[in-house]
Amino acid sequence: MDADALAALELPAITARLANAASTELGSGRARVLQPETDAAAVQERQALTAEGVALLDAGVDPPLAGIKDVRAAVDRAERDGMLGAAELRAIASAVRVALEARRTVAAERAIAPLLDDRLSLVDPALAPVADEIDRCVEEDGSDVRDGASPLLRRLRRELRNGGARVREELARVARSSDVQEALQETFLAERGGRPVLAVRAGSRGKVPGIVHDASSTGQTLFVEPFAVVELNNRLAEAAADAREEVERILRELSVSVARHADALVTLVETTAGVDVVLASASLSRAWGGAAVTVSDEVCLLGARHPLLDRATAVPIDLDLDGLRALVISGPNTGGKTVALKTLGLAALLHQCGLRPPAHTASLPVFDTVLADIGDRQSIEMSLSTFSGHLRTLVEILASATARSLVLLDEVAAGTDPEEGSALAQALIARLAHQARLTVVTTHYPELKEWASATDDVANAATSFDPDTGEPLYRVDLGRPGTSHALRIAERLGLDAEVVADARSRVEPERLRAAELLAEAQAAERQAAELRTEADAALRRLRGRESELERELERVRASADRVRAETIAEAERDLAGARSELAALREQLRAARRVRREPEQDRALGAATERAARAERALSDLSVPLPLTAPLAVGDPVESDIGVRGTIASIRGAQAEVVGAAGQRVSVPLDRLRPSRERAPEERTAVVQVRAAARSDVSDQLDVRGLPGHEAREQVRRLVDEAALAGLKTLRVVHGRGTGALRKAVREELASHPLVESRESDADDGATLAHLG
């Protein structure tokens, strides 16, 4: 794309920010020279990678890349048999460590970042041993080779430390002698040529036998190495030379290892740089609230902001340019026309660079080029006036624009005769409207605004102006032209009132009236917008209140359910107490009948019977419908939420076979059935019916053949209660053999009754005997 256009739209300022957001040396360099893609597939790939970067950052995952330096030059030198220094090797090891950790981090998040995982999978894990060996041999800060890099180096450096200490001790001993002390210029030890020496007065040279290595600039001081330490220093020098050779050998071996993995290391640096640019793009996009762009033939930016303006204070603009080929923006100076132009241009460039433009919603084509004429084109060096400079740029734009181009022109054809400039502007826009995909211009020419209103696929837009305060509002309103408000602005800025009045009198009345009508229309639109905003706010408040009331209703319902559950639990406790009391009364009645009855005992029996009756009435008072606690059984009358009603004939797993009144059979899931409201089995409700009054005519036999299961259970239960009160010990229930369902129901009822001690079959299993306690 045209470099001048990118500079005019301030893309370099964006890429500078991107470079600062990058973590790697090469990534920062690539970000600084990032260019927009013009191929749709390449743009889509960039945006897909950025979307994954945003997803990682949203998930709190920030792959570590800081510390990866561009070591390609060092790797290249090693590949050409060069020896690398300790600092270069340390940089290579650090790059490997960081890159492998980034690979592991992104691999763990492959579900949300598959493309980035594929990119980082190019980092070869086989580089880890190279980094391990460098870590073993080179200091963490890269300053030197470690003592432990080899046994020989460890021994030589130990000799150097010990030998140096001996030399210093010997020099100190020499310096303490009375003759030498008088000859010393300074008492401290110095060093010349890598050897320790004493600073001796030139006139006392004979008192310190040794080798003179240097003299002071005045010649008054000689630096002498006493003969006593010469041999020690010689051995130290030899050890130091051997140590240097060993260090070079180690560095050369490490360099050879780097050379063997040169391709993998170059791939590592370049791959991590690419991922670094992606993550920096994602970070920057999130920071300014970027929107994912929908690629479309139409241009639609809602809530768009210039990325270099403060997000908190920048006024968002809407540019829904569906079907338009050209847009003419007009309005007052400093009203935001040029910012709107740059906002659109930068949104397109950011999209094609792989970043998300700051907006609420964004739909954009992929442009093959963005052509712009913004700013002063005057050049004294090239003898170009402002108009000539603009015209030269327009010639280049007409030569370059294609059906996929975006053209942005600020103050088109300005700087010349207004009548001719307006005519030239209309001709240019008419040409570009057919030649380019979209052309957006700013202008003050009334004739160009009128032309835009009368031309198909071309529209006007106005930057807003507050007539009350005289301040620009920085909004863009599509569908109507703006007014320059030059006289109002001049008046606000303090121009003499008489001059302003004189200027106003020179303007044609029709044009002044048109400007006033436009201002009135703009004010009406602004008032309507404010009313809409207030209505939207009121609607949001009402919806919030509605949600709050719904939550309160749910809380009330939950509270009611809790109170109901507590009431039921209390009723169940009272019912259990009444049952316990009734059982105790029954035991008293049975005990009373086991002994000969005296008058006092008859009275006691009557009192017990009366208490039993009272308990029965108390239980009747507690007979409240409670939730089912027992499962449905064969013979129970049931109904369902799908309209089925009848009696359970059989149960298999989670399915029940229900027989209707007409004999039809239907298979229904158990969880769709409930006890029939018309005749719910008593054993499935928490209602207890007791007849506590003893009867003298209680039979010891019951025939339940032909009865449904639930009725047979009820009659068996009633018989046992009455028989117990009457003092009977044995009962006989006739149920027949048949299918066995009725026999099973009878025996289950007898087995569960607390007053039945045992039971046995009778009459070839057609009846059952029950023995009461």
Side-chain angles (χ1 to χ4, degrees), residues 1-2 4-6 8-11 36 293 296-302 304-306 316-331 333 335-352 357 359 362-375 390 393-394 396-398 400-414 422 424-445 448-449 451-453 455-464 474-482:
M1 290 193 180
D2 180 60
D4 290 339
L6 300 184
L9 293 171
E10 299 175 280
L11 183 64
V293 177
S296 168
D297 290 336
E298 307 303 332
V299 173
C300 179
L301 294 174
L302 302 180
R305 289 171 285 103
H306 194 290
I317 62 172
D318 294 339
L319 294 174
D320 188 357
L321 309 183
D322 184 18
L324 291 181
R325 306 289 298 185
L327 180 70
V328 177
I329 303 176
S330 53
N333 289 318
K337 299 189 301 297
T338 303
V339 171
L341 209 64
K342 290 184 175 182
T343 299
L344 172 58
L346 262 181
L349 295 177
L350 292 176
H351 171 226
Q352 293 177 216
S363 296
L364 291 167
V366 175
F367 298 105
D368 64 352
T369 186
V370 177
L371 303 167
D373 180 22
I374 300 174
H390 283 296
T393 303
L394 290 172
E396 295 172 354
I397 289 175
L398 284 175
S400 304
T402 71
R404 290 181 51 213
S405 299
L406 172 63
V407 179
L408 306 170
L409 306 177
D410 189 27
E411 301 293 350
V412 59
S422 173
L424 181 59
Q426 294 176 51
L428 285 168
I429 307 309
R431 171 75 173 274
L432 289 169
H434 290 91
Q435 183 175 336
R437 168 59 192 85
L438 177 65
T439 302
V440 182
V441 305
T442 66
T443 189
H444 289 285
Y445 289 141
L448 186 56
K449 305 176 198 177
W451 173 84
S453 298
T455 305
D456 293 338
D457 298 331
V458 181
N460 276 299
T463 52
S464 300
Y474 304 108
R475 292 201 310 264
V476 177
D477 300 325
L478 296 176
R480 63 175 180 80

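Note that the structure is predicted; figures quoted are calculated from it, not measured.
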Side chain to side chain contact (heavy atoms under 4.5 Å, CB included) evaluation trace for Leu301 with Ile317: CA-CA 8 Å; Leu301 294 174; Ile317 62 172; over 6 Å; no

Assess whether side chain to side chain contact (heavy atoms under 4.5 Å, CB included) is satisfied between Leu432 and Val441, documenting all intermediate values. CA-CA 11 Å; Leu432 289 169; Val441 305; over 6 Å; no

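The shortest distance between side-chain heavy atoms of Gln426 and Leu448 falls below 4.5 Å. Residues Asp456 and Arg325 form no side-chain contact, since every pair of their non-hydrogen atoms from C-beta on lies 4.5 Å or further apart. Ser400 has its side chain out of reach of Asp2: every pair of non-hydrogen atoms, C-beta onward, lies at least 4.5 Å apart. Annotation: side chain of Leu319 is not in contact with side chain of Val440 (no heavy-atom distance under 4.5 Å).
Taking every heavy atom of both residues into account, Glu298 and Leu321 meet most closely at OE1-O, 4.1 Å. Scanning both residues, Tyr445 and Ala413, for their nearest heavy atoms gives OH-O, 2.7 Å. Of all non-hydrogen atoms in Val299 and Pro365, the two that sit nearest each other are CG2-CD, 3.7 Å. The two atoms that bring Glu411 and Thr443 nearest to each other are OE1-CA, 4.0 Å, heavy atoms only. Pro357 and Leu350 get closest at one heavy-atom pair: CA-CD1, 4.1 Å. The two residues Thr343 and Ala304 have their closest heavy-atom pair at CG2-CB, 4.0 Å.
One finds the OG1 atom of Thr439 at 10.0 Å from the CG atom of Leu428 (value rounded to the nearest 0.5 Å). Within the model, atoms CD of Glu396 and CG of Asp4 stand 8.0 Å from one another, a figure rounded to the nearest 0.5 Å. Here the CG atom belonging to Asp368 is positioned 8.5 Å from the CD atom belonging to Gln352, to the nearest 0.5 angstrom. Atoms NZ and OG1, on Lys337 and Thr463 in that order, are 5.5 Å from each other to the nearest 0.5 Å. Within the model, atoms CD1 of Ile329 and CG of Leu478 stand 8.0 Å from one another, a figure rounded to the nearest 0.5 Å. In this structure, the separation between NZ on Lys342 and CG on Leu349 is 12.5 Å, given to the nearest 0.5 Å.
When atom types are taken as modelled, the side chain of Asn460 and the backbone of Lys449 share a donor-acceptor pair closer than 3.5 angstrom.
Shown here is Asp297, whose CG atom has no more than 12 heavy atoms of other residues, nucleotides or ligands within 6.0 Å.
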